[in-house]
Structures are given as C-alpha cells and as structure tokens.
Amino acid sequence: MKKLVALLLAALMVFGMAACAANAETAADDKSTAETPAAEAPVAEEIAADGDKIVIHYWAQWTENEAQAEVYKDAIARFEAANPNCTVEVNWAGRDVREILRASLDSGNEIDIVDSGFDQIVNLLGEEYLTDLTPYMAGSDFEKSLSAGMVAFAKSFASDGESWYYIPSQPFVGTIYYNKAIFEEAGIDTMPTTWDEFMDVCQKIKDAGYDPITVDDAYYPCLYGTYLAMMKGPEWVTELFNDTTGANWNDPAAVQMANDFAEMREKGYFSESCGSNVFPSAQNGEFAMGTVAMYYNGSWLPNEVQDITGDDFQWGAMFFPAPDNAVYPYTTYSTGCQFFAIPKSSQHPQEALALLEEFSSLQTQQELIDKAQAMPVVDGLELPEKLKSAGELQAQSTDVIPWQGMYGSNSDVNAVVNGAFAELLAGTLDSEGFTASVQSQLK
C-alpha cells in the first residue's frame, strides 16, 4: 500500500473521457482548446444513437446553493449542449446523501453517479454496489491524463489494488499552516525537517513572544495520527485505532509520540487553551487572529477564515516534521479527496463517465478554484495567493499518507484517545499517564 499511495505527490490532475453521443467526437473538436481532449473508452458499447434519449441521474453531496453546485450546474449545461442526446437530472441531496445511498440503491432508485468523501464512498458502498470501470478506463486517454498519484490513491482502495471503482476529485493537502510574518519576526527562514529542528523553531517563536502552535479538538487526530503514520505507516495506525483492547499502545512508536507531545506541552510550545479548545475556537481565534504561529489543517483553511484574516495574512505551508526513526520522510503530507462512483445498477456507465470528463475539464476546474476555493484536479491553473503555499508543498512532496494518518478508525477508540490526548495537551496527564489512561479505558 505504501508504494501505491507514496506516488500521490506534486502534480494535480487532468481528466479526459469519452464523449456522450454518436456525434461526440465532433462535439469534442468544437470545444475550447483549453479543455482536456476527449478519449474513446476501449471496451464500451456504442453510445446513444441519433434520436435515442439518455437520462443521467446524478446524486450530489452538494446542496443547490453551494458554490460547487453552481459550478457543476454550468458544467452540466455545457455537457448537455455538446451532447443533445443526454439529459442530466440532479438530486442536490447535500451531505445527507451519505446516509441514504445504500437504501436508495436497494430500493431501485435510478442513480448513475454518486459523490462523497473518499472514505465514505468506500465504506458505505464499495465494490458490492459500484461498477468496475476498468474496461472503460484501462489504456484510455482518461487514465493516462490522471496524475500517477491520483491513479495510485484511487486504485489503492480496490480489493486487488488495480481496478477502477473510484474517480478522484477535489483533492486537499494536509499541512502545518504557519504565519509567515511571525516566522520572519522570529528569524526563521528555513523550514524544519527533523523533530529536533521543529523544537528549535518552536523555541524561537516562543522567544519572539508568540505561542508556537495551537489545535482544536476536531483536529487532535491530525497530530497524533500523522505522527504515528510517519513512524510506522497508515496500515499500522488503522489497526491501532480499530483495536479495542489497547494492547498496542505500549509499542515504542506510540510511546515516542506521547513523549514528544508531552515535552512540547512542558516547554510551553502549545497554547494554554489546547486541552480545552472546541472547534473552531483555536482556528478562528488564536491562529487567524495572529497570536499563534502554527495550526495543522487542510487546504480549505484559508477559505474558512478569510473573513477574519482578510487579504493581508501571509500564508505558509510546511510538511509535518519527521519524527526520529520515521519510515516516511519529511517530504510527506496527508491527503484525501472526493470520489465519484457509478453504481452497478446504472444503465449508462459510459455516458456517466463522459459527464465526469466535463466535471474535470480545465474550465470547470478553474471555476471551482475561483468560486469554491477548491484545489484543482488538473495541472497548469493559477492558484489564488492563499492556496499557493499548499500547492507549492504538494509540488515538493515525495510521499503521502491518508488524512489523519489512517484509513479509518473505531469511533469508540477514537473517543478514548482524543480524551486522553486533550489531557496530555492540558498538562493534566504526562506521557505515561496518557498511555495508562488509553489502555485502562479500552481494556
């Protein structure tokens, strides 16, 4: 798995797909040269003959008034104009779509495209419900146009590690965001690569009169999960957070993690509120207001706090420092994305994939950048200033791990670890007390 997901780096993604009608090739030639060229699916039946009408049913995780929905509406209009034999009907179900997809498919609803977070699509539907798209994708220009990292990430969730069940979209970058102005004031001009260098950076920030780092309760797993995944890999972290016995919390990697974060607490590198922050108090308060230098989050953060930071905030993004004895290098970031998928019950899988081509075109992706502040899935687009730091980090990376360093967790285990970690950050538990607390609650 590590070899697969380690490819997910640097370049963002460019999609290409087969057009959706007998006249699709002609329609593709008429498109703007800025868009990705169409490609034929090598194993696909002939798409709609003249006069035949096809309805593509798309169940979206967006509500109709969201920025993403507005962008996709425009993309659908372009698609329908280019492919008059196809009509798209959208159920703007919003996030609730995640809870109703299985039941809706079981009830026989016509659904040709679904989308949600990668983990939700995999866990809620997976191969039991979704079409193997390999016959359409393998060897096509669509497959070739995808970045190696996205191909690896999407295929890594297939049971054989090779098949196409999931089409990636809207990736994000997990990073330690930092305030460049504070770093400059503290005399920091080189990003830390090792844990010792990270401690030196924290001390310089503290000496300059700022709290080095803060965190909200919602993002505790980003700190300890990323640390542990860099130490032993995401598969091990996934096992750890699905084990209800607590047996593995004596592992040297887990002990080292607790020791290092406890030392940060003892040296005053965490803000005093870290053990009690309820999201988004640290994000919107300490970090956005400029009293704390660093905050681990995803590349959506600049957009979330835009009304607070304004245009003058100097955004920086850095890799998570490599712990001692880590198996992953410093140039590793955590990531995730949305997945599109096509249910097995779909009568029009090729047409549905053709719609996803339009969703992935340069025009649509630029609109997602401009209107939704989303990271694009194609290369060569200009990112706004506040997203450039995350884009630069992605371009420098060599390895990736999943968001929070794991592929999924047991909610009960997560709750126990989060509670103990809050006490560790508050200073009411030392590192040994943290381990003992977790194990006593899980036994």
Side-chain angles (χ1 to χ4, degrees), residues 1 4-5 8 13 15 17 41 44 55-63 66 68-69 72 88-138 142-143 146 150-172 234-235 238 241-242 335-357 359-360 377 402-404 406-411 414:
M1 176 75 76
L4 286 172
V5 296
L8 180 53
M13 297 69 71
F15 289 147
M17 264 308 301
V55 178
I56 300 171
H57 300 272
Y58 167 36
W59 284 35
Q61 66 170 324
W62 316 105
T63 57
E66 288 187 272
Q68 285 88 345
Y72 287 137
V88 181
E89 293 184 359
V90 186
N91 177 6
W92 300 108
R95 307 308 182 270
D96 290 343
V97 76
R98 304 166 181 172
E99 309 302 325
I100 63 176
L101 279 175
R102 285 178 66 107
S104 298
L105 288 169
D106 289 340
S107 298
N109 284 283
E110 292 185 71
I111 306 176
D112 297 294
I113 295 176
V114 296
D115 70 351
S116 191
F118 72 94
D119 51 344
Q120 292 141 357
I121 287 288
V122 172
N123 293 328
L124 296 177
L125 297 178
E127 295 176 27
E128 179 184 357
Y129 283 83
L130 301 178
T131 300
D132 182 354
L133 301 172
T134 308
Y136 304 102
M137 295 291 291
F142 180 42
E143 182 179 59
L146 287 164
M150 279 289 99
V151 170
F153 191 70
K155 287 185 175 183
S156 71
F157 291 92
S159 58
D160 62 3
E162 299 178 355
S163 297
W164 280 105
Y165 287 91
Y166 315 104
I167 304 298
S169 172
Q170 294 190 63
F172 61 82
E235 294 88 353
T238 301
F241 279 83
N242 283 280
T335 192
C337 64
Q338 310 299 318
F339 273 165
F340 288 111
I342 297 175
K344 289 179 179 178
S345 57
S346 171
Q347 299 300 304
H348 311 295
Q350 187 175 351
E351 291 83 357
L353 280 170
L355 176 58
L356 297 185
E357 174 200 9
F359 285 176
S360 308
V377 298
W403 179 245
Q404 298 184 348
M406 64 190 85
Y407 296 107
S409 62
N410 179 294
S411 59
N414 240 14

[atom1] of [X] to [atom2] of [Y]: how many Å apart, nearest 0.5 Å?
| X | Y | atom1 | atom2 | answer |
| --- | --- | --- | --- | --- |
| Met406 | Glu235 | CE | CD | 12.5 Å |
| Asp132 | Glu162 | CG | CD | 11.0 Å |
| Leu124 | Arg102 | CG | CZ | 7.5 Å |
| Asp112 | Leu355 | CG | CG | 9.5 Å |
| Ser116 | Gln61 | OG | CD | 4.5 Å |
| Leu353 | His348 | CG | NE2 | 13.0 Å |

Please enumerate all residues that pass side-chain hydrogen bond (donor to acceptor under 3.5 Å, both in side chains) together with Trp62, with sequence neighbours excluded.
Asp115
Nearest atoms (heavy-atom pairs only) where [X] meets [Y]:
| X | Y | result |
| --- | --- | --- |
| Gly408 | Asn242 | O-ND2, 3.1 Å |
| Tyr407 | Thr238 | N-OG1, 2.9 Å |
| Ser345 | Leu105 | OG-CD2, 3.8 Å |

Quick check: are there more than 12 heavy atoms from other residues, nucleotides or ligands sitting under 6.0 Å from CD of Glu66?
yes
Going through the checks in order, is the side chain to side chain contact (heavy atoms under 4.5 Å, CB included) test met by Ile113 and Phe340?
CA-CA 7 Å; Ile113 295 176; Phe340 288 111; 3.9 Å; yes
Decide if the gap between the ring center of [X] and the ring center of [Y] is smaller than 6.0 angstrom.
| X | Y | value |
| --- | --- | --- |
| Phe118 | Trp403 | no |
| Phe359 | Tyr72 | yes |
| Phe339 | Tyr165 | no |

[Y] backbone acceptor or donor facing [X] side chain under 3.5 Å:
| X | Y | value |
| --- | --- | --- |
| Gln404 | Pro402 | no |
| Asn109 | Ser104 | yes |
| Asn123 | Asp119 | yes |
| Gln120 | Gly117 | yes |
| Thr131 | Ile342 | yes |
| Thr134 | Trp164 | yes |

Within a strict 4.5 Å, meaning less than it, do heavy atoms of the [X] and [Y] side chains meet?
| X | Y | value |
| --- | --- | --- |
| Leu101 | Trp59 | yes |
| Ile111 | Ser346 | no |
| Phe172 | Cys337 | no |
| Glu89 | Tyr58 | no |
| Ser159 | Glu127 | yes |

Do Val55 and His57 pass the side chain to side chain contact (heavy atoms under 4.5 Å, CB included) test, and can you show the C-alpha distance, the side-chain angles, and the key distance before you say yes or no?
CA-CA 6 Å; Val55 178; His57 300 272; 3.5 Å; yes
Could you check Tyr166 against Ile121 for side chain to side chain contact (heavy atoms under 4.5 Å, CB included), going step by step and ending with a plain yes or no?
CA-CA 8 Å; Tyr166 315 104; Ile121 287 288; 3.7 Å; yes
Residue pair Asp160 / Ser163, side-chain donor-acceptor N/O under 3.5 Å:
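There is such a pair (donor and acceptor under 3.5 Å, judged by atom type) between the side chains of Asp160 and Ser163.
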